[in-house]
Amino acid sequence: MSSTATLATTAPTHHHHHHRRHPPSIDRLTFLIDKSKSINHLLQTHALLLRHGLHHHPILNFKLQRSYASFGRLDHSVALFHRTDNPTVYFWTSIIHSHAQLGLQNLALMYFTEMLTNGVEPNCFTFSAVMKTCPLEPGKALHSQTIKLGFDSDLYVRTGLVDVYARAGDVVSARQLFDTMPEKSLVSLTAMITSYVKRGAIEAARKLFDGMQERDVVCWNVMIDGYAQHGMPNEALFLFRKMLAAKFKPNELTVLSLLSACGQLGALESGRWLHSYIENNRILVNAHVGTALIDMYSKCGSLEDARLVFDRIEEKDVVVWNSMVVGYAMHGFSQDALQLFVEMRRIGYRPTDITFIGVLSACAYAGLVNKGRAFFSSMKDEYGIEPKIEHYGCMVNLLSRAGQLEEAYEFVKKIKIDPDPVLWGTLLGACRLHGNIALGEEIAEFLLGQNLANSGTYILLSNIYATVGNWDGVARVRALMKSSGIQKEPGCSSIEVDNKVHEFLAGDRRNPRSKEIYMMIEEMNRWLKTHGYAPQVDTVLHDLGDKEKEQSLEVHSEKLALAFGLISTQAGTTIKIVKNLRVCSDCHAVTKLLSKITGRKIVMRDRNRFHHFVNGSCSCGDYW
DNA sequence: CTAGGGTTAG
């Protein structure tokens, strides 16, 4: 007994030495390679092979190469391949697969071509490997080759082809290949669903999904993520509940999609629930999950939680840092954002274009014009990052917030990229804030002439006129909108109570507690009146009398959500509201006052930023 | 030896 024990605990090198004259069997070596737990294990087995002169054995060599690749050591894998004379089709396929897996598509294709040049016949496995992440053009060439060789009906090859066309956005060809498949599988169905989801054809995707005979976690993830990525976050959460009810076990990718959905909804309670789900189910909070959590907490208005997650992520990458910097910035906590930026550089992270989105918006919110300008030039000069339209957007914000509207305009005109509607919208918004009619009209006219105007353009222009009391202008815009059939995008505010997200449109009466909500609105109006508040009827676009205008303001979606928050949460609780558009100025003023009257902290997320209303004032400093 | 799923943004 004791001698057996000694043998088992002997170091591997000794063990091998002991067997020098009796080389380990091929089976034993195969086992060692396949069961390697670490790269070191593998290196030891490799040494063993060399010692016994077995390194030319085709199967062992092939398995060794595959194992190196799976540990992310493509360098070893490639070296081994190049040392092999006349590699078999298996070996070629494996080296192609290893490159494709890591997204090295050009190299994968290069090996494929080389293989053909060497007179080695590809098989179904080879085609399946090389098609992975292959672009459309070479994909089409592969397609005809498979037809010539009679492989195109093979389940795996065909699924690969569906995926090639799907990834290239050619959903028609993908569907045709899919429909004519001799046999379909869960995977091919998922590939087709993915194709629809990528184009935003969620209905079509859902139809296929609903018709599936069997499902697995991947297809659930694709469908849930489809909703999350296409502005239907509530549906994503809804489908997730179905997934749990159907007893499927969510994984890391599931929670990533759902955290994004919670962030979009501002659904803090659901987000917290997911966070505990992650912890209870041993899903590792790696950089990906960590980023998603930080983003969710920031967008749900809880920066404290975002920071806690940030501090606890062991292996932070630049994306993790970015999400925290951006989180601080969008809440207007500029100093924290900039401090974190300094810290990340000190540790040695290289900022990316996203980092500068955070840094520049932080400067804009804090009015740090010169600092922002300096960051903007350092982007290119110091870090070699070409500014994108988004960065110009930040600069326009920065300059116009500081009142340097003309300079912002000049800035936009000098941009080499074509300015887009969002950028012009930012500038137009600045004109509203500074009551600069002349520039506002110039921009709006330009946009109308270029056919770049959207409903936001009209609304902003009208708001500019309203700011300076130019009612003729307001009326003109209204007429223009009417004649060109432009509809205002409906404002929608949501609030999460008891794990459920409640959405409100203006004048909405769909909520079961509607009656109480409108009673609360009346109560709010009485409070406001006592405090001498006069509704900003002038900002109302519609052709209505003052009384009606007042009434239309009273039922803005923000106010309905706020009233619902007041009647359905404990006194003293922070109320968190998410709005799809910018906050209207009447609602902003009302919310400020109500934060004082009710003693509640109110956090409102609008399309661009957060407003923290506390005791009668807002963190945006009335500039948004 | 094979096929399908992902994080930060004006």
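For A/Asp295, the listed nucleotide lying nearest its side chain is B/dT8; candidates were B/dA3, B/dT8, B/dC1. Side-chain proximity of A/Cys394 to B/dG4, B/dG10, B/dT8: nearest is B/dG10.
A/Gln65 and A/Ser98 share a side-chain donor-acceptor pair at under 3.5 Å. Judged by distance alone, the side chains of A/Ser361 and A/Arg609 never bring a donor and an acceptor atom under 3.5 Å apart. Neither side chain, A/Thr180 nor A/Gln176, offers a donor N or O lying under 3.5 Å from an acceptor on the other. Side-chain contact check for A/Asn322 and A/Thr355: at least one donor-acceptor pair (N or O, by modelled atom type) lies under 3.5 Å.
Among the protein residues, A/Lys299 comes within range of the sugar-phosphate backbone only, with heavy atoms under 4.0 Å from sugar or phosphate atoms but none that close to a base. No contact: A/Asp317 has no heavy atom under 4.0 Å from any strand. Across all strands shown, A/Val319 has heavy atoms under 4.0 Å from base atoms, whether or not it also approaches the sugar-phosphate. Nucleic acid contact for A/Lys63: none, since no nucleic acid atom lies under 4.0 Å from a heavy atom of the residue. Contacts of A/Ile193 with the nucleic acid, taken as non-hydrogen atoms under 4.0 Å apart, are absent. At the heavy-atom level, A/Val422 lies under 4.0 Å from base atoms of the strands shown. Note on A/Ser260: nothing from the nucleic acid sits closer than 4.0 angstrom, heavy atoms only. Here A/Leu423 lies in heavy-atom contact (under 4.0 Å) with a base.
Atom CG in A/Leu253 sits about 14 Å away from atom P in B/dG4, given to the nearest Å. Atom OH in A/Tyr90 sits about 8 Å away from atom P in B/dC1, given to the nearest Å. When rounded to the nearest whole Å, the span between CZ of A/Phe127 and C1' of B/dC1 equals 16 Å.
One cannot find a donor-acceptor pair under 3.5 Å joining the base of B/dG10 and the side-chain atoms of A/Asn608. Applying the 3.5 Å distance criterion, the base of B/dT8 shares no donor-acceptor pair with the side chain of A/Ser323.
Using a 5.5 Å limit on the distance between ring centres and a 30° limit on the angle between planes, the aromatic ring of A/Phe62 does not count as stacked on the six-membered base ring of B/dC1.
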